[in-house]
Peer 1: 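Here's a structure for you.
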Amino acid sequence: MNSAAAQPRSLASFTEGETVRLAFTVSDGDMEAFAALSGDRNPLHCDEAFARSKGFPGRVVYGALLVAKISQVIGMELPGRDAVWTGLDIQFVAPLSIGEPAELEATVTRVSPAVRALELTLRIRAGEKVIARGKASAVVHRDA
Amino acid sequence: MSTQVTAAAMDSEPIYQKLNKIFREVFDDDGLTLKSSTNAADIPDWDSVNHIRLIVSIESAFKVRFAVNEIEELKDVGDLVKLLQIKT
């Protein structure tokens, strides 16, 4: 995925089936920054021993931090610069651990020219394990 | 002539039922009942974002794709039903 400035694209350039992938690994620093930002210091995310006592392999990455990765893809690339994010429906189906490599896959499943809207199907995986799945919708502003 | 009107009405009823379900979901209002004259002025939450959700939901449910001018020319739900009768 392009890490430069958000890219402008015309609505006509999006095609159903187009896919963007973002590889990422959540670090201790990301967790601490998100805890400070959100105020969510639930021990499941902050306390290794507590997380293990609940049956997890270690501290669990914040679900909303995964949503932040979705925000990155929508705001920067699909649809990118001229997008307004209008909806998200997401299920967190397995925990992601800190330091565990993951990949977000966003695929265009519908383009509605009448209202300049895109629907995306989302998958976050860590290897073969599905971490989260969902759908997002966005509107593409009129071409400049 | 009366036979044609009756046939058209019968065709429109399943469309109204399907639309009513979509409208209730989009506007989060279980008491909403559509009439042919219903338009955006009758539904307080019919703003630009919900309009987009509504059109995308209708396209998806009826497996159709609207053109920009088709949407712009709609005055009320009755027009929408007529358009769906043509496109489905």
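Just so it is clear, the model here is predicted, and its values are computed rather than measured. Each chain gets a letter, A, B and so on, in the order its sequence line appears, and its residues count up from 1. Scope of the values below: all heavy atoms of this structure, side chains included, with no hydrogens, waters or symmetry mates.
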Peer 1: Contact between Arg53(B) and Ser137(A) at the side-chain level, heavy atoms closer than 4.5 Å - yes or no?
Peer 2: no
Peer 1: Can Phe34(A) be reached from Leu66(A) by stepping across I, L, V, M, F, W or Y side chains whose heavy atoms are under 4.5 Å apart?
Peer 2: yes
Peer 1: Are Phe27(B) and Phe62(B) co-members of a hydrophobic cluster defined by side-chain heavy atoms under 4.5 Å apart?
Peer 2: yes
Peer 1: Hydrophobic clusters here meaning ILVMFWY residues chained together by side-chain heavy-atom distances under 4.5 Å, can you tell me if Leu44(A) and Ile98(A) are in one?
Peer 2: no
Peer 1: If you count heavy-atom pairs under 4.5 Å between each of Val56(B), Ile55(B), Val49(B) and chain A, which one has the most?
Peer 2: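 Answer, by heavy-atom pair count under 4.5 Å with chain A: Val56(B).
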Peer 1: Can you confirm whether more than 12 heavy atoms, excluding those of Glu25(B), are under 6.0 Å from its CD atom?
Peer 2: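 Counting other residues, nucleotides and ligands, CD of Glu25(B) stays at 12 neighbours or fewer.
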Peer 1: Take atom NZ of Lys87(B) as the centre, draw a 6.0 Å sphere, and report whether it contains more than 12 heavy atoms from other residues, nucleotides or ligands.
Peer 2: yes
Peer 1: Side-chain heavy atoms under 4.5 angstrom apart, residues restricted to Ile, Leu, Val, Met, Phe, Trp, Tyr: same cluster for Leu88(A) and Val26(B)?
Peer 2: no
Peer 1: For Val68(B) and Ala114(A), work out which heavy atoms get closest and say how close.
Peer 2: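 Scanning both residues, the minimum pair turns out to be CG2-CA, 3.9 Å.
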Peer 1: Can you see which heavy atom on Arg110(A) is nearest to which on Val64(B), and at what distance?
Peer 2: NH1-O, 3.8 Å
Peer 1: Pick one of side chain, backbone, both or neither for Ser60(B), based on which atoms fall under 4.5 Å of a heavy atom in chain A.
Peer 2: both
Peer 1: Tell me whether Val84(A) shares a hydrophobic cluster with Val108(A), the cluster being built from Ile, Leu, Val, Met, Phe, Trp, Tyr side chains joined at under 4.5 Å.
Peer 2: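 Unlinked, Val84(A) and Val108(A) end up in two clusters.
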Peer 1: Is there a donor-acceptor contact under 3.5 Å from the side chain of Arg65(B) to the main chain of Val111(A)?
Peer 2: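 Indeed, once roles are kept as given, a pair shorter than 3.5 Å links the two residues.
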Peer 1: Give, as side chain, backbone, both or neither, the part of Ser112(A) having an atom under 4.5 angstrom from any heavy atom of chain B.
Peer 2: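 Its backbone and side chain both get close to chain B.
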Peer 1: Under 6.0 Å from the CG atom of Asp28(B), do we count more than 12 heavy atoms belonging to anything else shown?
Peer 2: no
Peer 1: Could you name the residues of residues 119-129 of chain A that have a heavy atom within less than 4.5 Å of a heavy atom in chain B?
Peer 2: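 Only Glu119(A) of residues 119-129 of chain A have a heavy atom under 4.5 Å from chain B.
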Peer 1: Is chain A contacted by the side chain of Ile52(B), its backbone, both, or neither, given a heavy-atom distance below 4.5 Å?
Peer 2: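 When you check distances to chain A, atoms from both the backbone and side chain of Ile52(B) fall under 4.5 Å.
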